[in-house]
Number of protein chains: 2
Amino acid sequence: MSTEARRPAGLPAEAAAAGPHRHVHPHHRREAIVRRLKRAEGHLAAVRRMVEDGRDCPDILLQIAAVRAALDATARVVLADHVESCLHNASHNGDAEAAWEDLRRALESFIR
Amino acid sequence: MSTEARRPAGLPAEAAAAGPHRHVHPHHRREAIVRRLKRAEGHLAAVRRMVEDGRDCPDILLQIAAVRAALDATARVVLADHVESCLHNASHNGDAEAAWEDLRRALESFIR
């Protein structure tokens, strides 16, 4: 049985290789998060061009508010990913204390 | 006296050429706003690379929160620019009604 074959489905190599004491974090929604962040980058570049083109401030503020809302939505996806990974890891490793500490840290930065 | 020489210092050509009935909006802080938006774009690209590199979610959430705070700060600069332009234009053109309507729209999108 090869090392590759022992890796659980969907778990990245770095996580599978990390061992029982490291925080294993598969990021199931990584692609979706990257896609959302790329879209937000493009949106932000478009807002910058609006400013360079001298567009009206109310339009610019509306678009900045839209990017902010997109970032909030992305943060919720990251948080959901984190919660699922934490709970998943905790239930498999019996390391609930560390998992809840990670979750507490994540929530703290999100609601700041 | 050339057309260029008649333009008030710091006022873009399109604003100076707009005439009394158009909403004149010099965007005194345009460069600063563009600089802030560029920085936020770079920050967001760095956050995306963090996700691609499999960095921990609490770190990612913290950076998303930082970009969001930078956007809020940028929106406040845009709003300040808008208020000053509106009040400036209103006092010069006697068009206070339109200026306040612009300001109301800007605030509405900002606090949504």
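Letters A, B, ... mirror the listed sequences (proteins, then strands); counts begin at 1.
Taken from CG in D81(B) to SG in C57(A), the straight-line distance is 5.5 Å, to the nearest 0.5 Å. Atom OG1 in T74(A) sits 10.5 Å away from atom CG in L61(B) (nearest 0.5 Å).
V67(A) is not listed as a side-chain neighbour of V67(B), based on a closest heavy-atom distance of 4.5 Å or more.
Across all non-hydrogen atoms, the minimal contact from V78(B) to I64(A) is CG2-CD1, 4.2 Å. Across all their heavy atoms, R68(A) and D72(B) have their closest contact at NH1-OD1, 2.5 Å. G54(A) and R30(B) make their closest contact through CA-NH2, 3.3 Å (heavy atoms, listed as atom of the first residue, atom of the second, distance).
For A73(A), the side-chain contact (heavy atoms from CB on, under 4.5 Å) partners are R36(A), R76(A), not counting sequence neighbours.
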Solution key, residues 37-49 of chain B side-chain donor-acceptor pairs under 3.5 Å, sequence neighbours excluded:
| unit_1 | atom_1 | unit_2 | atom_2 | d |
| --- | --- | --- | --- | --- |
| E41(B) | OE1 | R48(A) | NH2 | 3.4 |
| E41(B) | OE2 | R48(A) | NE | 2.6 |
| H43(B) | NE2 | Q63(B) | OE1 | 2.8 |
| R48(B) | NE | E41(A) | OE2 | 2.6 |
| R48(B) | NH1 | E52(B) | OE2 | 3.3 |
| R48(B) | NH2 | E41(A) | OE1 | 3.3 |

